[in-house]
Amino acid sequence: MNRFAFYPGCVSKGSCPELYESVEQVMDLLDIEVEELTDVGCSGAGVLTTEVSDPINARTLAKAEQMGLALMTICSTCQGVIGAAALRLQDPEYRAFINKEYLAAEGLEYKGTTEVKHFLWVLVEDVGLDELKALVRRPLEGMGFSPFYGCYLRRPADVVGRRERRTYIEKITEVLGGTVVNISGKGKCCGFPSLTINEPNALAMTAKHTGEAKDNGADAMVTPCPLCHLELDGEQTQAAAAARRTIEMPILHLPQMVGLALGLDPKGLGLGRHFVSTAKIVAQLEPVEAAVSAT
Amino acid sequence: MELTLNVRRGGTRRSADDSHQAYHVDVEPETSVFEALVKVREEQDGTLAFRGNCGVGFCGDCTMLVNGRQEVVCLMPVGKAQKDDEIKIDPIPYAPTVKDVMYDAKRFIWDKVNSFSPGVVFNGVEQVTEEELSPVRRAMRCTMCGICDQGCTVIDVNLDFKGPAALNKVFRYVFDPRDGRAKERVVEAGETNGVWDCVHCWEASDHCPFDIDPTHRIMELRDRSVRLGVKSGTGNRQAARHYNAFERSVEHHGWLDERNVAIQSYGGLIRGGLKMMPTGLAALRRGKANLLPHRKRPGASAIKALFARYREVTRTER
Amino acid sequence: MHDVLVVGGGIAGLRAALAASSRGAEVAIASRSHPTRSYSVAIQDGLNAALLPGDAWEAHAADTSAWGDGLCVPEVVEAVCRSAPELVRELDQLGVPFNRSGGRNGTALACLKLRGARTARAAYVDDMAGLVLTQTLYEQAVRAGITFYEEWTATSLAVGDGACTGVVALEQATGELQLLGAKAVVLATGGPRRLYEPSTASLHCTGDGIAMAYRAGAPLVDMEFVQYHPAVLKGQRMAITEIAWAHGAALATAGGTGVGEDDPGPGAFLRAIGQAAVANGGHVELSGTWDADQAKGLFYNTSYRVKQLTGLDMAKEPLPVRPAMHRLLGGVAVDAGGATSIEGLYAAGECAGTGFHGAAGLDGNFLLSAVSSGRAAGLAAADHASSTKEPDAAGGALDRDRTRVAEALRRPGGEPLAAMRRELGGLMHAHVGMVREAVGLQEAAQRIAEMKETHGSLGAGSEGRDYNFGLAHYLDLGSLLDVAEAVVASAHAREESRGVHFRSDHAARDDARWSVHQLVSASEAGPVLRESPPGA
C-alpha cells in the first residue's frame, strides 16, 4: 500500500477531466491510496512570479507535511514548479522568511521535509515495474507509443533528481507490452506556455513533435503532463494546418495508457474525449477476455 | 593517435546529405578538436572555414557539432570525442551557416544581444555588495558560445526569438545595482520574441557549459519585471494580458481556470470568445469541459490572503 | 575616413576606442575576430591598483620598478600607478563587477596579493577579469556608437609624408583589401605569442601590428624581454591563473620537492621551474590547499576548463604544468601618450613598448597596462585627429598589398608553411626562450633569415577569396618572422642578464653598460639596433 497526499492540479479538474478520472481508476488497481488536497492553490505554473508562487507552494508542502505524506502530482508542470519551490525552501533562511511572512498567519509552518513525486515516478519507484507487469491484463502488443515527457520531468536536473527518471515512460511502455517509438523531441517543450503569448511558436512546436511521432510510425504519443496534452491534442489540428500537413496523432495521458494495459474500458478512461480521435488505438486493442485467456 | 575528421564542407545551403570531407591527422588524445582542426587547416587545407581563437574556452567562437553534439570544441579532447577514431564535425543547426562549419554569429547572437540597449548606465550607486554583484558575475561567465541558443526550443522554431544568451545579457544589466535603466530594460526585454516568449523548458540551463543556468536567469528577469510593474513590452500587450488573467484567476479562485484565462488572454470575452469558439465547441461536444467556470475552492480565501500579503511584502521592499 | 581607427578589439583597443569617443572623435574598430573573441578574454588575473587603506601608488610603483629590474621608465610607472585606482573605479562604473571584500554585505573592492607585490593590490573578477572587462568594454563601445569592422585583418599601415593615414585591411568574408582611412590610427593588436611553442597563444597572437609598424619604419623597443608563464598545463596552452596562486598554489616535482618557493625574482623563478620540469620528465606538479567548494567558488572558470581539458579535478589532484611563453614586454616604441615615431600612429596594450614593465612584468600589471595605455592612446589619438585636416588617402600601400595578396594566392602554401611555423616555435623556445647564449642566438638569426627567404616563395595554397585561412596563415607567418628577427637581434646584442632576459654566457646584470633600452628598426640589411637611456 502506497499513500500520498494528492495534488491533482487545475487542468485535471478542468479541461482534462479524463486525466483525473483515469488516474483514479488506475490508482485503485495499483493499490495507491491518496488523500486529495482540496484547499490548496495553483502552483503558478511558472507563469506567476516566484515571489507569490513560493508562498502558495510552501503552503501546499506544509499541508502534506502535516499529513506525514509525500505529495503526488499528475502534471509535469505542477511537479516542476512545486519541486523547484521545495528545493528553494531547503534554504533555512528563505524557509524562515516564507514561514514568518506568509504561513504563520494561518498557523502553518513548513519544515522542509515534503517529497514531491510525479505519478510517473511513483509507478516505477513505489509501485515497481515488476508489480505493474504482473497486473497487465491486456498487453499493448503491436502498438507503438512515442513518449513525451513535458519539460519539467526532464529538467532542471537538480529538481528532477535521479537521472534514470528521464527514461521511465519508455520502461513503462515496454512493461505494458507496447513498443517505444523514439522521437528526438520527447523532452522538449510542447508549445503550451507560448500558446496565448506567441501562438505561431506554440503551433510550430506541436507540429514538429506530433509530426515526428507520425513520421517515425507511432500509433500514439503518451504524456504525463495535461498541459502537453492540451497542446498536442487540442492544438494539433491548427498546428498541422499551419505546417500544411496532416498528422492526426492520438495523444494519451499516461494513466490512460496504463489503464488500457490493465484492462480498463477505453470509454471509462475518457479516450472518447480527445480532440484527435483515438478510435484507431481502441480498434487495435484486444478484448480483455481474449488477452487474459491467451496468458 | 591517428584520427579521421569528417568535416562538413559547403556554403550557406544545408541539406540532410551535406558532403563531408575526410582529413587524417596524427595527434595526441588530449589534443582538443579545435587544435586538431587548426592542424588540418594549416597543414592540409587552408580553405577549411571555422572560427575559434583562444583555444582555452573563453572566446566562445568555436562552437560546432561534434558527432552530433554541440561543443565548445577547444575544450573537447579528441580522445573523448572520437568514435572508432573518427570525429564528425558539422555546423550548429539552429543558426544559418556561412561556410563549412562556420555559422552566422551575427544573425544568431550579436544582432540579438545588441538589440537590447547595451552598456551599464551608471546611476551613481557606489556602495554595492558582494551579494548583489555575485549573480551578475555568474551571468558574466557567458562567453557567447551560443550553446544555450542551440538548445533553445523556441529558437528551434523561430530564429527571431532573442534566446537565452541575449536575455542573460539583459539579466546582467537589470541585476546590476549600478545600472539606472532597469525599468526601461525590462520593457525592452518584454517585447515580442523577448523574455515572455520563453517557454521555460530549462533546455538552456541543461545546455550551458559554464553553469550560468540561463533559464533561471530568465525566470528571475521575469520576477524582477513583475516586481517593477512590467509584464510585457509596449508592443506586446498579450504577455501582460496573459499574466494578469492568470494572476486574477489564482488570486480569486485559488485555482487556474484555463478557459477563462485563455479568453482573457486573447483580449476579453468578445475577441477571446470568438478566438476560442472552435476549440471550445469541440471540447463541449466531447464532454471534455464543463459548461460552468470553475467554482471557488475551499482554500480560495487563504490563497487570496497570500496574494494580499505578497503585495504588502513586495511593497515594503520596493 | 574615420577620425580614429583602432586596430584590434581586445581590452586595450576597446578602452582606446571609448577614450577617443569620449573626446568627441568618430571612432571605428577593425578586428580580426568579433571583439569579444579576442585573446584578452583568456586573461584571468586582476589589475594592480593601490586601493586598500595603507597602500599607496608609490608602493605599487616601487614594486613594479623592483620587478622590472632597473629598466622601467620611471615617468610611465608613476603615471600608470598613480592613475590605477581611478582606472579601476572607472571600469567598475562602466559595469565591471569587481569582487568585494567583507562577506555578503561587503562593499569595498577586494584585492589579492599576487607574486611580487608587497601587499594585496590586485582587483579581480573571480578568475575571469579578462572576459568580463572585454565584455563590459564592448557593451560600452556599442553604446557609444563605435563602428565595427569585424573579421577584418589589417595587412599594412598606410603612411604618406611621414604620417599614418589609415590601414589596409582584408575583409575575411570576401578576401577584398580596402584602405580604411583615418586621421589617427591606434594599434592594439596584441603580442606575438605564436612565435613560441609552447606558449599561451591564441591563434591571433601573431604580432601583426608590431610587424606592420616595424615594416613601416617605426622602431620597436625592449624586444628581448620575453616573459614565460610559470604554470601552463602540459600539452595545452592554458595557464593556471594567478588567482589560484594567490590562494596558495605551489609547485613541486614528482618527488615532492618544492620548486621556486623562496621567490627569487621573476627570471630565476621561471628558470628554476623550467629546469625542474626538464629534469622531471617535462612538467612539475601544481597543487593547492583549496577544497572542492573553494575551487568551484574561487576559480570556477579555471577548474571547469582544467577538468574538460585534462579530466583532472583541481580540488583533489595535482596538475602537470610547465612554463610556456606568455608575453612580450616590449613592442612598438611609444611615449607616455602612446604616440609612436610615425605621426598619427599610436599603440596600446601588448603590442606597445611603453617601458612600464621594464625587464620583467609583474602579475596584475598587464591588464592594468592594457587599460591605462589604451586610454592614453585613445585620448591622444582623438586630440591628434581633432587638430588634423583630412589627409589625402595614401593609396600606395593598398596597391602594394593588392599585388602582394594576388601573388600569394597563386603560390603554394600548406605544409611547408606549417612546417616552418613548427620549426620557428621550437627554435625560439630553444634559443630565445628562458635561457639564451650567443651561439644559439646566432643560429636562430641565421635560420630566421633563411625562413624569410623561403616564406617569400610560398603563399596561400589556394586561390579562393572568401575566408581563405591559408592566406591568413601565410600573412601571419610573415609577421611572426619580422617580429622574430627583432627579438633575436635585441636578445643577441644585450650581453648581460636582467629580468626575464637571461644569457648563460653573460649571467650577471651589468648596470654600467646596459641600463639602456634597445630600439630596433627594419632595414634592407636586416634589423638595426640603437640604444636609448631609460626615460629617454
Side-chain angles (χ1 to χ4, degrees), chain A residues 9-11 13-18 37-42 44-53 55-56 59 80 101-102 105-106 151-152 154-157 159 185 187-198 200-205 207-208 230 234-235 238 270 272-275, chain B residues 153-154 156-158 161 192-193 196-203 205-206 213 215-216 219-220 222-223 225-227 236 238-239 241-243 246-247 249-250 254-259 261-262 265-266 279 282-283 286-290 294 297-300 302-303 305-307 309-310 313-314:
Chain A
C10 311
V11 177
K13 301 288 250 187
S15 296
C16 288
E18 71 279 3
L37 294 170
T38 52
D39 63 344
V40 292
C42 165
V47 174
L48 293 185
T49 170
T50 54
E51 293 199 82
V52 69
S53 66
I56 296 175
R59 183 174 174 273
E101 294 293 339
Y102 291 97
E106 230 187 310
C151 299
Y152 290 98
R154 306 275 295 191
R155 296 170 300 274
V159 180
K188 295 205 163 167
C189 175
C190 62
F192 185 79
S194 208
L195 187 57
T196 53
I197 294 175
N198 192 328
N201 286 356
L203 296 183
M205 290 179 204
K208 192 164 180 138
L230 277 180
E235 302 299 321
Q238 293 89 306
R273 291 182 169 177
H274 297 188
F275 285 91
Chain B
T153 3
V154 184
D156 186 18
V157 298
N158 175 9
F161 177 55
T192 299
N193 290 322
W196 300 101
D197 280 15
C198 166
V199 296
H200 35 95
C201 67
W202 303 93
E203 286 278 10
S205 291
D206 218 36
D213 204 348
T215 319
H216 243 121
M219 297 311 279
E220 285 170 358
R222 285 193 186 189
D223 284 3
S225 282
V226 173
R227 176 68 86 93
N236 183 25
Q238 187 69 5
R241 271 198 294 267
H242 179 67
Y243 189 96
F246 198 112
E247 187 180 58
S249 175
V250 179
W255 288 86
L256 178 66
D257 183 340
E258 314 87 72
R259 280 158 304 131
V261 166
S265 305
Y266 282 124
T279 324
R286 290 174 171 82
K288 196 170 163 60
N290 308 316
H294 290 199
R297 299 289 181 77
I303 301 298
L306 290 182
F307 269 90
R309 187 77 196 115
Y310 148 70
V313 169
T314 52

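Keep in mind it's a predicted model, so treat the numbers as computed, not measured. Below, chains carry the letters A, B, ... as their sequence lines are ordered, and counting in each starts from 1.
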What part of [X] lies closer than 4.5 angstrom to a heavy atom of chain B: side chain, backbone, both or neither?
X      : answer
A/A45  : both
A/K208 : side chain
A/R154 : neither
A/F192 : neither
A/E101 : both

For residues [X] and [Y], report the shortest heavy-atom separation together with the two atoms involved.
X      : Y      : answer
A/R59  : B/L306 : CD-CD1, 3.8 Å
B/M219 : A/G46  : CE-O, 3.1 Å
A/T196 : B/Q238 : O-NE2, 2.6 Å
A/D39  : B/P298 : CB-CB, 3.9 Å

Do you know which of [options] has the most heavy-atom pairs with chain B at a distance under 4.5 angstrom?
options                       : value
A/G185, A/C42, A/A202         : A/C42
A/T38, A/T50, A/L37, A/V52    : A/V52
A/P55, A/A204, A/C151, A/P156 : A/P156

*Apply side chain to side chain contact (heavy atoms under 4.5 Å, CB included) to B/W202 and A/V159, showing your working.*
CA-CA 11 Å; B/W202 303 93; A/V159 180; over 6 Å; no
Close side-chain approach of [X] and [Y], heavy atoms under 4.5 Å:
X      : Y      : answer
A/I56  : B/V250 : yes
B/W255 : A/V40  : yes
B/V199 : A/M205 : yes
A/N198 : B/N193 : yes
B/R222 : A/T49  : no

_For chain A, the option from B/Y243, B/W196, B/F307 that forms the most heavy-atom pairs under 4.5 Å_ =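 The residue among B/Y243, B/W196, B/F307 with the greatest pair count is B/Y243.
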_So which residue, B/V154, B/T192, B/T215, B/I303, ends up with the most heavy-atom pairs under 4.5 Å with chain A?_
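Going by pairs under 4.5 Å, I would pick B/I303.
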*Ignoring hydrogens and angles, tell me if any N or O in the side chain of A/R155 forms a donor-acceptor pair with the backbone of B/C201 under 3.5 Å.*
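A pair under 3.5 Å: yes.
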*asked:* Could you check whether any side-chain N or O of B/E247 sits under 3.5 Å from a backbone N or O of A/L48, counting only pairs where one atom can act as donor and the other as acceptor?
replied: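 No: the side chain of B/E247 does not pair with the backbone of A/L48.
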*asked:* Which residues pass the side chain to side chain donor-acceptor pair (under 3.5 Å) test with A/S53, not counting sequence neighbours?
replied: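 For A/S53 there are no side chain to side chain donor-acceptor pair (under 3.5 Å) partners, ignoring immediate neighbours.
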_A/I197 CD1 to B/N236 CG distance, which is reported to the nearest 0.5 Å_ =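 It comes to 7.5 Å.
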*Can you say whether the rings of A/Y152 and B/H200 are parallel (under 30°), tilted (30 to 60°) or perpendicular (over 60°)?*
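Rings of A/Y152 and B/H200: tilted, as their planes differ by 30° to 60°.
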*List the steps and the verdict of salt bridge (charged side-chain N to carboxylate O under 4.0 Å, His left out) for A/E51 and B/R227.*
CA-CA 9 Å; A/E51 293 199 82; B/R227 176 68 86 93; 2.3 Å; yes
